[in-house]
Amino acid sequence: MGLAQGRTAPVVHTRSGPIRGVSEGGLAVFKGVPYAAPPVGPLRWRPAQPHPGWSGTREAAEHGPSAPQAVREGDPVLGGHGLPPFDEDCLTLNVWTPGADDARRPVLVWIHGGAFISGSGAMPNYSGETFARGGDLVVVNLNYRLGPLGLLSFASDAAAGCRNLWLTDQLAALRWVRDNIAAFGGDPGNVTVAGQSAGALSTAALAGHGDGRLFHRAILQSVPLAMPLATPAESLARTAAYLEVVGVKDEDELRTVAWPRLVEATAGLLAATVEWGHWTTPFVPVLDSGTAARQPVRNLLDGPGADIDVLVGWTGEESAFTFGLGEAYRSATKEQVLRRARDGFGDGAAEAYAAYEAARPGARPVDVLVDLSTDELFRKPTLAFAEERAARGRPVWAYEFAFTTPAHEGRLGAPHCLDLPFVFDNFDSWSHAPFLAGMDTRIRDGLARTVHAAWIAFIRTGDPNHPAMPRWDRYDRQSRSTMRFDTVTRAVPHLAPHRNPR
């Protein structure tokens with residue numbers, strides 16, 4: 001593969017054919033680059049296939065369509081997620097590089113979250129610009145199939161051992177990086193995969209695939225480790241429920257349905273599966289023999305990804321994202337939350353409720369729900385993961401993002417997703433997000449510089465330390481050192497069993 005670097009229109013020769021990008025602020029940027037064949041027609045609900053390539057030079061100046069999804073507008077936390085236009089022909093990626101040369105820079109591959117039903121690599125929130133410019137990195141982000149088009153599984157999939165189409169997409173993108181990134185100035189031997197929420201769970205799932213070591217470091221932000229992959233039987237039951245919502249009898253009939261109707265039916269499946277006080281996702285990844293043979297966390301403990309360097313953490317009040325503002329939860333009673341607490345604590349629910357209540361003076365029932373749900377889904381399993389990595393002598397750095405937002409009278413605390421604009425240090429791209437309102441910009445921007453530089457250091461070297469922050473030691477079972485990012489960033493040597501004291 002060769003390259004030609006023009007002042008305004010850089011051209012790179014990939015294995016599929018030459019592409020012409022654009023120059024943006026000193027970076028060479030390539031958008032809407034196909035990494036797999038369009039999953040349309042006979043390839044709908046089939047694993048990602050190699051792209052046939054093209055003749056001539058393909059223009060890569062515009063993002064490709066986002067994966068089909070419902071448009072979310074007016075969200076009181078994020079303001080919205082996902083970016084039209086949408087289309088099934090969505091398997092494209094975007095590249096930001098300081099130069100399409102032979103510098104062999106470290107590579108960051110970002111995988112967006114969104115509960116496997118929303119999100120896009122085209123969103124300005126996830127632009128690789130700040131990392132490429134500030135860290136001298138090559139940055140890639142990508143679209144992958146979402147919702148019913150990426151996560152439905154059928155009985156016919158069993159023979160092929162492939163029930164996770166979304167994961168075949170992401171694997172195809174990583175193989176594209178392995179095969180092509182050197183032409184963009186990147187080092188295929190120094191790749192970090194990072195993601196948040198569903199993107200973090202994806203990262204752990206990808207670590208189960210050796211493929212000649214597709215990546216070497218992992219950043220897991222707000223990874224829901226307590227949300228297990230479904231069994232095949234559970235997944236088929238959900239598919240049957242979805243078919244009923246759509247109003248078709250089988251897979252063959254479903255194949256004739258246009259994607260807008262498939263996306264619309266997601267709301268009906270969500271309504272049928274929702275449980276009070278639980279994070280509910282209409283579609284769940286599934287265990288299978290070919291793409292996900294074990295729970296993702298095991299890949300990084302005793303599986304193919306055991307030797308990957310890992311940086312992992314959570315936000316202080318993850319579950320306020322779901323429960324903090326809705327009237328159904330704001331007016332929750334102690335009795336309702338106690339019933340929810342029995343799901344995790346059984347006969348010890350009352351004692352646990354009292355402990356959470358005592359740890360947050362003036363706590364309302366919804367605050368107890370937020371804290372116990374955050375612990376249950378994110379904090380406790382993340383610390384258990386760090387404990388087990390440390391016990392095995394595997395490198396892991398742990399953090400808590402505890403900086404709280406004053407938005408909505410402070411009811412959100414540090415919710416799910418609040419760390420993202422700090423990690424990317426790109427608040428201008430989040431101007432639509434209500435959860436950033438009212439922040440002291442001096443404190444906000446200083447913390448963002450600290451977090452962003454730590455991520456860059458980890459991507460470049462496998463160690464997040466840099467001169468402008470306190471010493472961040474690897475997590476071990478003696479010190480249990482965890483970096484707490486807040487108005488004052490510091491390493492915390494011990495974390496309380498329920499709520500962390502502030």
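Model, not experiment: these values are computed from the prediction. Worth knowing before you read on, the calculation uses all heavy atoms, side chains too, and leaves out hydrogens, waters and symmetry mates.
Looking at every heavy atom in both residues, Ala173 comes nearest to Leu142 through CB-CD1, 4.0 Å. Scanning both residues, Ala293 and Leu287, for their nearest heavy atoms gives C-CD2, 4.1 Å. Nearest heavy atom pair, residue Tyr144 against residue Ala67, reads O-CB, 3.4 Å. Scanning all heavy atoms of the two residues, the minimum distance from Val284 to Pro228 falls at CG1-O, 3.8 Å.
Remark: aromatic rings of Phe184 and Trp176 are close, center separation under 6.0 Å. Taking the centre of each ring, Trp45 and Phe154 come in below the 6.0 Å mark.
Between the side chains of Trp279 and Glu318, not a single donor N or O lies within less than 3.5 Å of an accepting N or O. For Thr322 and His416, the side-chain atoms include no donor-acceptor pair closer than 3.5 Å.
Counting only residues at least two apart or on different chains, the side chain to side chain donor-acceptor pair (under 3.5 Å) pairs with a member in residues 291-300 are Asn164-Thr291, Asp288-Thr291, Arg294-Asp302, Arg298-Asp302, Arg298-Glu388.
Annotation: side chain of Phe116 is in contact with side chain of Leu201 (closest heavy-atom distance under 4.5 Å). The side-chain heavy atoms of Asn94 and Val140, taken from C-beta on, include no pair separated by under 4.5 Å. Proximity of Pro285 to Leu151: side-chain heavy atoms (C-beta onward) are separated by under 4.5 Å at one or more points. At least one side-chain heavy atom of Leu149 sits less than 4.5 Å from a side-chain heavy atom of Pro68. No side-chain heavy atom of Met483 sits less than 4.5 Å from a side-chain heavy atom of Trp397. Residues Phe485 and Phe422 are not in side-chain contact: their nearest non-hydrogen atoms beyond the backbone lie 4.5 Å or more apart. Considering only heavy atoms from C-beta on, Leu165 comes within 4.5 Å of Pro47 through its side chain.
Between the side chain of His452 and the main chain of Leu447, no donor-acceptor pair closer than 3.5 Å is present. Proximity of a side-chain donor or acceptor of Asp87 to a complementary backbone N or O of Cys90 within less than 3.5 Å is not detected. Although no hydrogens or angles enter the test, the distance criterion places no donor-acceptor pair under 3.5 Å between the side chain of Thr192 and the main chain of Leu108. Here the side chain of Arg392 pairs no donor or acceptor atom with the backbone of Ala306 at under 3.5 angstrom. Under a 3.5 Å cut-off, the side chain of Ser235 and the backbone N or O of Pro232 do not form any donor-acceptor pair. Here the side chain of Asn180 pairs a donor or acceptor atom with the backbone of Arg15 at under 3.5 angstrom. In terms of modelled atom types and a separation under 3.5 Å, the side chain of Thr203 and the main chain of Gly199 share a donor-acceptor contact.
If you take CZ on Phe378 and OG on Ser222, they are separated by 6.0 Å, rounding to the nearest 0.5 Å. Here the straight-line distance linking atom CZ of Arg389 with atom OH of Tyr475 works out to 13.5 Å at 0.5 Å rounding. For the atom pair CD (Gln221) and CG (Leu420), the distance works out to 6.0 Å, reported to the nearest 0.5 Å. How far CG of Asn143 is from CG of Leu91: 8.0 Å, rounded to the nearest 0.5 Å. Distance check, rounded to the nearest 0.5 Å: OG of Ser118 to CG of Leu83 gives 12.0 Å. Put simply, CD on Gln170 and OG on Ser202 are 4.0 Å apart, with the number rounded to the nearest 0.5 Å.
Residues passing the side chain to side chain contact (heavy atoms under 4.5 Å, CB included) test with Arg178, sequence neighbours excluded: Arg175, Asp211, Leu214. Under the side chain to side chain contact (heavy atoms under 4.5 Å, CB included) criterion, Pro148 pairs with Leu152, Tyr242, Leu262, Thr266, Phe283, not counting sequence neighbours.
For the side-chain contact (heavy atoms from CB on, under 4.5 Å) test with Glu24, the passing option among Lys31, Arg133, Glu129 is Lys31; the others fail. For the ring-ring contact (aromatic ring centres under 6.0 Å, His included) with Trp455, the lone residue among Phe424, Phe131, Tyr399 that qualifies is Tyr399.
Glu59 CD: more than 12 foreign heavy atoms inside a 6.0 Å radius.
A tilted orientation is assigned to the rings of Tyr126 and Trp110, their planes being inclined by 30° to 60°. Ring orientation note: the planes of His432 and Trp430 are close to parallel, at an angle under 30° on the 30°/60° scale.
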Query raised in the report: Where do Arg255 and Arg44 land on the side-chain contact (heavy atoms from CB on, under 4.5 Å) test, with the steps shown first?
Result: CA-CA 8 Å; Arg255 287 185 176 280; Arg44 181 192 265 191; 4.1 Å; yes
Query - Derivation of the side-chain hydrogen bond (donor to acceptor under 3.5 Å, both in side chains) call for Arg104 and Asn190 - result: CA-CA 9 Å; Arg104 296 185 74 82; Asn190 188 2; over 6 Å; no
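Electrostatic pairing of Arg449 and Asp425 does not count as a salt bridge here, judged by no charged N lying under 4.0 Å from a carboxylate O.
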